[in-house]
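To keep things clear, I will list the structure first and then write my remarks on it.
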Protein chains: 2
Amino acid sequence: MSKSPTTKSRALGKVTLSEVAAHAGVAPMTASRAINQPELVSATLRERVDKAILELGYVPNRAARALASAQSKVIAVLVPSLSNAVFTAVLAGIQDALDPCNYQILIGNTRYSDAEEEKLLFAYMQSNPDGILLSGLTHSPRVQQMLATSRVPVVSMMDLSPEPGAMSVGFSQVDAGYAMTRYLLDKGRKRIGYMAAQLDERTLRRAEGYRKAMREAGLADPALELLVPEPSTIALGAELLGRMLAKVPELDAIFCCNDDLAHGAIFQCQRRGISVPEQLAIGGFNDLPASAWMKPSVTTVGTPLYQTGFEAASLLLASIRGSEVAAQRIDLGFTLMARESA
Amino acid sequence: MSKSPTTKSRALGKVTLSEVAAHAGVAPMTASRAINQPELVSATLRERVDKAILELGYVPNRAARALASAQSKVIAVLVPSLSNAVFTAVLAGIQDALDPCNYQILIGNTRYSDAEEEKLLFAYMQSNPDGILLSGLTHSPRVQQMLATSRVPVVSMMDLSPEPGAMSVGFSQVDAGYAMTRYLLDKGRKRIGYMAAQLDERTLRRAEGYRKAMREAGLADPALELLVPEPSTIALGAELLGRMLAKVPELDAIFCCNDDLAHGAIFQCQRRGISVPEQLAIGGFNDLPASAWMKPSVTTVGTPLYQTGFEAASLLLASIRGSEVAAQRIDLGFTLMARESA
DNA sequence: CTGAAAGCGCTTACAG
DNA sequence: CTGAAAGCGCTTACAG
């Protein structure tokens, strides 16, 4: 009550629920109900409490509520990158799905690193999240263990889990890789290269699809693959185009594991005077905004990014609420966007 | 102690500090110290506690700690967009600066909306953040009021505050807008258009710089400006190029308020057979990755995105720690990148 | 260096 | 519909 403001007290010095209650002439419990379950409070008292809140400028203390209720109202989201437009699109979907529910979203950027993912997950676990959204299917043993121990609902995004109990939302990366390769094959291309960076699990699964299609066509050749661990950028796409051509001069098509690489490869072709698609067909992945507008426009695989985030968050919400979860595994599919570059 | 696991108890059912302490044969206080200030605990006890933590799989409860210590170890960051590469670059800098300090970062996407900003800030205030990072200088009265009431340290990013006490990190948007216009003028261009989207405060300040330069050159003409409120995209850049040209056929240069618009405008020129920069010079803003690689490469203004985030977070940290904050206003400058498009 | 007591600001679980 | 009691899991502020 009478703490001198200069004394370093352990309290925040902010307005508390009790003060609101006192101001409104009710018990703290009633003030709490007026805020969280107003329908259980008589109109008169509810108004008195609302007035007190406004007059005092009351801001609820989330930590206290979390501690008392054992519910954090926190959802943790782990994505491998924020600079990659792919994941910001997924995040937009998540935000929209979660927006009405008043959850606090913890966004963690793992930077494609298992160690970072472990660190972030451990940090987030301390907030007792009500649910977790993860990118991809494969995680380190320690991450798997933390998840198993906590028994928090988890939804995986961007690929489909083969495990029966697991919740996942996305599409088959293998099938999508296969589809693009098949498309290039159908266009009559024979020497089709696969160019990939980052080497995350999705990139590798697209490579599987590529190999399957090439094998079926009797055109498989390891020399056609160029996979590097560096982060995927336009600059890298430009560089890899050069290396690819040096390795396989008779190349007639390239499937880039994503659009950044494809854009870089196309810019490089323009600088070298290689005509796309006449001399070299180029396919990308994810259909980033520039792909539709570049000249030549980029043939690529349209993927349900926003929707993946939206559906994954919705599934997680349903699971948190304990309602019967219809589909544990939501296949959103993909679309081959045939344009000018291939 | 003996709660049946089927009973819905108010507790989380997780291992607590007290259990760790009991397991290690010490008081809870000692276990707490072993975790937070290990140097104050004897080696023997420290090891016993560490062992107990491992064996029990203890995860600290952040809410309890926050409540008891009146310190949240949370920093809230509000950015107007996540799909815009500008802000993800800023975020990367923030993450790197904050990484060693074990803060939890709350990333809020205001979507360029004052209402959203208010909503997010109010939600974040409930977590009692130790500090706040804001984008831009201008905010709604309610946001200003929340900030003032809370007395939480705030650092503004992306522009320089004229207010003496305020902390800000960025560069002068007006000066940068002026510099690009001056550059086009120096190239001998006369009918220089300004094309802008979103109409956020930065876009408007760049417009001020543009107008100043045009006025000084005696070439100012309101007809040369095309400002629209829609979000900035490549598609919009392509569309605005058309509208601009229809309005001012003799246009010989365009300053686009950002690179997305510039890319769209250039793609549109390529589709219409307009040569850049011969017939039309095009300048952009922010130096996104594609700008260096496109053909023609894009003349633009390089801005210290990552650094802004890094320095802003560092300044905030210093302010939270109460150390003498050297510069309240950090001007990181900008760089005109002269390339092929202008 | 170690610990017993009290309290942070809420909500749960009961009563009435 | 309203409220008094107890407790969530930690840390502060004191003692020893």
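Chain letters run A, B, ... following the sequence lines, proteins first, then strands; residues in each count from 1. Any value given below was found using the heavy atoms of this structure, including those in side chains, with hydrogens, waters and symmetry copies removed.
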Pairs in or reaching into residues 125-138 of chain A: which pass salt bridge (charged side-chain N to carboxylate O under 4.0 Å, His left out), with residues at least two apart or in two chains? none
Between A/Lys14 and B/Asn128: side-chain donor-acceptor atoms closer than 3.5 Å: yes
Using a 4.0 Å cut-off on heavy atoms, which residues in residues 34-56 of chain B reach DNA chain D? List them by number, or say none. B/Asn36
Does A/Thr30 make a side-chain N or O approach to OP1 or OP2 of D/dT2 shorter than 4.0 Å? no
Candidate nucleotides C/dT2, D/dC10, C/dT12, ranked by approach to the side chain of A/Ser69 - the nearest: C/dT12
Test salt bridge (Lys or Arg N to Asp or Glu O under 4.0 Å) applied to A/Glu201 - qualifying residues, sequence neighbours left out: none
Salt bridge A/Glu116-A/Arg111, side-chain N to carboxylate O under 4.0 Å: no
With sequence neighbours excluded, residues passing salt bridge (Lys or Arg N to Asp or Glu O under 4.0 Å) with B/Glu163: none
Per-nucleotide pairing state of DNA chain D [Watson-Crick or G-U, under 3.5 Å; [ ] pseudoknot-crossing; | other strand]: |||.||||||||.|||
Stretch residues 19-29 of chain A: residues that reach within less than 4.0 Å of DNA chain D through a heavy atom: A/Val26, A/Ala27, A/Met29
With sugar-phosphate meaning primed atoms plus P, OP1 and OP2, does A/Arg62 contact a base, only sugar-phosphate, or nothing at under 4.0 Å between heavy atoms? nothing
Would you indicate whether B/Gln145, at its atom CD, is surrounded by more than 12 heavy atoms from other residues, nucleotides or ligands within a distance under 6.0 Å? no
